[in-house]
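Just so it is clear, the model here is predicted, and its values are computed rather than measured.
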Amino acid sequence: MPELPEVEVTRLSLADRIAGARIESVRLGKPLRWPLGVVAEALVGRTVRGVRRRGKYLLMDLDDGLLLLHLGMSGSLNFAASQPPAGAHDHFDLLTDRGILRLNDPRRFGAVVYAPGEDSAQAAKLLGRLGVEPLTDAFDPAAFHAGLKRRHAPVKQVLLAGDLVVGVGNIYASEALFLAGIRPTLRASRISRPRAEKLRSAVRDVLARAVAKGGSTLRDFSSADGQAGYFQLEAMVYDRAGLPCRVCGAAVKSIRQGQRATYFCPNCQKS
DNA sequence: AAAAGCCCCTGGATGC
DNA sequence: TGCATCCAGGGGCTTT
């Protein structure tokens, strides 16, 4: 589920409502990617200052420290005045004086990490390897092209890796490459400057439009106020294997790259 | 340094 | 109906 648009939509649906909330208690379900353990007690009494996003991480600024949330493959947040009894996949509740923030994550690839201060080694390690934010001016054509030049892997996998540019997951990588007319298997280093600029624009365009549509709800994503996303209805190639390309009518192809499905139009993306 | 695999986990869809 | 197999929006870690 959650690529940059879904995480950003979650943030937008949550930030204003939770800002200023005082944490009263924490409920833990099964362990997520890393067990939060007794550290949960350190959260009690803290106040939430705001919510930022870095790549696919949500960063909750506290009056003392930082709480990192990652939705993994199947996670979603819900923030409401009250919550039903915790279900089998509700693994983290933050009970505050403004409502309860609940993380539901069936596959448990998500994570909650508490960074007590600026010096949290774990947080620094996780955030330190992240590439540039695609929707900011820091995502500039020259640097992006130079980064691609340095990589010999297929461009789809370079986009997914997240160390050059963050936030592009499996849906939006295929979509951006379609918009740019680039074959996903093309080695990143072989992309010309003009095509790199086209790809940069495509990445920004598809991510921004997906945020505007509330993200993509493939099975169960919803924002923190329960809204589904609708961008999946506009997908040009993702999950459309065998169906006609919306531009030229050729059959969309599906291949596997690094154990993930990739979709492209063999006619619109010749190289 | 970069690339390629492996693995974490659960549930839904498909096929026999 | 039951059971096995494959696949799914991510990414950290280990091995080449």
Does the side-chain contact (heavy atoms from CB on, under 4.5 Å) test come out yes or no for A/Arg195 and A/Leu186, once each step is laid out? CA-CA 12 Å; A/Arg195 297 188 90 198; A/Leu186 181 64; 3.7 Å; yes
Just to verify, which of A/Glu175, A/Gln257, A/Lys156, A/Glu3 counts as forming a side chain to side chain donor-acceptor pair (under 3.5 Å) with A/Asn170? A/Lys156
Hydrophobic cluster of A/Trp34, others only, ordered by chain and residue number, side-chain cut-off 4.5 Å: A/Tyr57, A/Leu59, A/Leu66, A/Leu68, A/Val113, A/Leu126, A/Leu127, A/Leu130, A/Val166
So the salt bridge (Lys or Arg N to Asp or Glu O under 4.0 Å) pairs with at least one residue in residues 38-60 of chain A (sequence neighbours excluded) are A/Glu8-A/Arg53, A/Arg46-A/Asp63, A/Arg52-A/Asp61, A/Arg53-A/Glu133, A/Arg54-A/Glu133
Any salt bridge (Lys or Arg N to Asp or Glu O under 4.0 Å) pairs touching residues 20-29 of chain A, not counting sequence neighbours?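 Salt bridge (Lys or Arg N to Asp or Glu O under 4.0 Å) check on residues 20-29 of chain A returns A/Arg27-A/Asp93.
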In this structure, are over 12 heavy atoms from other groups packed under 6.0 Å from A/Asp97 atom CG?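 Buried by this count: over 12 neighbours within 6.0 Å.
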Which letters describe nucleotides 11-16 of chain C, given B = protein heavy atom under 4.0 Å from base, S = only from sugar-phosphate, - = neither? BBS---
Positional range of nucleotides in DNA chain B within the contact set of chain A, heavy-atom, under 4.0 Å: B/dA3 to B/dG12
What integer distance in Å separates A/Asp105:CG from C/dA8:P? 18 Å
With P as the reference atom in both, quote the distance from B/dC9 to C/dC3 in angstrom, rounded to an integer.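 Per the computed distance, 23 Å lies between those P atoms.
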NA contact type, A/Ala88, heavy-atom cut-off 4.0 Å: base, sugar-phosphate, or nothing?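 A/Ala88: no heavy atom of the nucleic acid under 4.0 Å.
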Is it the case that A/Arg209 places NZ or CZ above or below the six-membered ring of A/Phe231, under 6.0 angstrom from the centre and within 45 degrees of the axis? no
Secondary structure of DNA chain C in dot-bracket form (Watson-Crick or G-U wobble, distances below 3.5 Å, | marking inter-strand pairs): .|||||||.|||||||
Taking side chain to side chain contact (heavy atoms under 4.5 Å, CB included) as the criterion, tell me which of A/Leu207, A/Val132, A/Leu4 meets it with A/Val165.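 Of A/Leu207, A/Val132, A/Leu4, side chain to side chain contact (heavy atoms under 4.5 Å, CB included) with A/Val165 is met by A/Val132 alone.
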